[in-house]
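What's counted below: heavy atoms across the whole structure, side chains too, no hydrogens, waters or symmetry copies. The chains referred to below are lettered A, B, ... by the order of the sequence lines, with proteins before strands, and numbering in each begins at 1.
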Amino acid sequence: MLDFEALTKSSGEWLKGVGPESDVVVSSRIRLARNLDRFPFPPQTSDAIRGEVEAVLRGPVVEVLPPGSMGYVRVDPLETLDRQFLVERQLISREHSEAKGPRGAGIGPQESMSLMVNEEDHLRMQVLRSGLALDECWQEINRIDDELQQQVNFAFNEEFGYLTSCPTNVGTGMRVSVMLHLPALVMTKEIQKVFQSMHKMSLAVRGLYGEGSQAMGDFYQISNQMTLGKSEQQIIKSMQQVIPDVLEYERRTRREMVKDNRSKLHDKVSRALGILQSARTITSEETMHLLSSLRLGINLGLIDGIEIPTINELFIHTQPAHLQKLSGTPMESSDRNAARASHIRLRLAPVEPTSEGE
Amino acid sequence: MSRARLTRDDTMKKCMRCTKPATLHITEIQLGQAQVVHLCETCAQKYLSSTEVGGMPSMQMEDDEAVSESEAEGVALAAEEVEEDSPEVSCGGCGITFKQFRSVGRLGCPQCYTSFHDDLQSLLESIHQDTQHVGKCPPQTSANTLRHHELMRLRSELKASIERENYEEAARIRDQIQVIEAQAASSGESPAE
């Protein structure tokens, strides 16, 4: 059983902010969609069948979890708040949280892996790493997939590859995504050009929590859309060719902003810190916005004494379900805004401001 | 089996296929014999992609590359025409119809991919711009299938590198294709297609 108490107080490996290119790349993620042959897909079936699928997959899933894993949790009996907490933590998807019937998730060590049973497909596996680390993600998930295939037969045909509930995932069943923090491109509105060029390359751009979510805190996930007709390595390689250009674009824009208007930018990020350190009530939206400025300020050396992982963690820990789990009680929105402000004040205890100008 | 080495210069040799100056010089090494082919950019593109038939490409350049492509397009068009007015077929595995799939956007079961094969094929073509899996396969997949997939993958890479005008890479990929085709032939398999 999953230890929510411990989870609430910790944070995942992928928030460490240490991986390659971590000034812009928050995390890398690869997920594979797999289905058992001879069972209908979860969205189109009964709870009885979902129960059978869960019973077939639970054992193998638990078995392939690496040592030090957090274990397997049945998601359907959980309270809404706990499910929302797991979504905020990116351990399960929103779809999985809101799906019907028997379902569960195996959570790997340091929250870097999650194997969801009865999401939109019978099995959705994901591996997360901090920074730009797609090869590592692939090695790990490929190994897990190999091990599972020793025990279960996945629906596959030689023409269309791994068969999935939605034809947009068929073939490799693979979604490769990289989460980027792009505050400078947003501030200068250059981000539109990134959208356009990603679109031309058939790559999707989504917000922090994937499909349909707003780009909160200037976080964007870039991912492949085509899953058929290319090998896993080809898909990964084409992402690895595109991402460095986006990173360079963001960095160049940051440098230009510093060069052209250092004092204005310094003022903006310092004010963000000031509000976060002193506000008594604050919405989630404002928090995301200010934390984004602060993260930029730290990366540009305009703010000292606060570590990137602290900011990364605050992005997650100030989400509604996290605040309620941290305080141990359900709260209305206005109470949450007060609790959020107080949590942030504690984590961002004042630091010496860097000397003006220089 | 051949090994190609490719150099690029403009010594103003004439292309062996047309009247334009040759800018690419491909050294084919086959059975210990070296043979240099001098080609212009356009003919080199055709030359490198023509090796799909396997073995040393014939020196008589065949001009029907374009034909096979328009044939492929014809097939895709035909697949698109299939849909809409075809009578309601339901999947033998789960009972949903293609119309129901269209309205919810999710298929009912793995068997749907067989039941609605033709309709899905044209849909997949528009989503993925491809209809053939070339990635990872389950452990029990036969060597023939794996080779077939590998060939499909290499051919699409070959096409892409020719489009990028990266002929060095194209020549290397073409060699790989020939190696795999030779393996297929020696294992008694009919040429994959």
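Interface remark: of the candidates A:Asn35, A:Asp37, A:Asn157, A:Thr227, A:Thr227 forms the most heavy-atom pairs closer than 4.5 Å to chain B. Counting heavy-atom pairs closer than 4.5 Å to chain B, the top residue among A:Cys166, A:Ser202, A:Gly173 is A:Cys166. Of the listed residues (B:Cys94, B:Ser156, B:Pro138), the greatest number of heavy-atom pairs within a distance under 4.5 Å of chain A belongs to B:Pro138. Ranked by heavy-atom pairs shorter than 4.5 Å toward chain B, the options A:Gln225, A:Arg38, A:Lys230 are led by A:Lys230.
Contact of the B:Tyr113 side chain with the A:Glu159 side chain is not registered, since no non-hydrogen atoms from C-beta on lie closer than 4.5 Å. Between A:Phe41 and B:Pro110, some side-chain heavy-atom pair lies under the 4.5 Å cut-off.
Shown here for B:Arg106 and A:Ser165, the closest heavy-atom pair between the two residues is CD-OG, 3.3 Å. The two residues B:Lys136 and A:Tyr162 come nearest to each other via the heavy atoms O-CE1, 3.3 Å. When every heavy atom of A:Pro167 is checked against every heavy atom of B:His128, the shortest pair comes out as O-NE2, 2.9 Å. Closest heavy-atom contact between A:Gln149 and B:Pro139: OE1-CD, 3.3 Å. In terms of heavy-atom proximity, A:Phe39 sits nearest to B:Cys109 at O-CB, 4.3 Å.
Here the CG atom belonging to B:Asp130 is positioned 9.0 Å from the CE atom belonging to A:Met226, to the nearest 0.5 angstrom.
Using a 4.5 Å cut-off between heavy atoms, B:Gln140 contacts chain A through its side chain alone, with no backbone atom that close. Proximity to chain B is absent for every atom of A:Thr45, based on heavy atoms less than 4.5 angstrom apart. Using a 4.5 Å cut-off between heavy atoms, A:Ile235 makes no contact with chain B at all. When heavy atoms are compared at a cutoff of 4.5 Å, A:Phe160 approaches chain B by way of both its backbone and its side chain. In this structure, the portion of A:Asn153 lying under 4.5 Å from any heavy atom of chain B is its side chain and not its backbone.
A donor-acceptor pair shorter than 3.5 Å cannot be found between the side chains of B:His148 and A:Glu158.
For the side-chain contact (heavy atoms from CB on, under 4.5 Å) test with A:Leu228, the passing option among B:Val134, B:Ile127, B:Leu124 is B:Leu124; the others fail.
Counting heavy atoms of neighbouring residues, nucleotides and ligands inside a 6.0 Å radius, atom CZ of A:Arg143 exceeds 12 of them.
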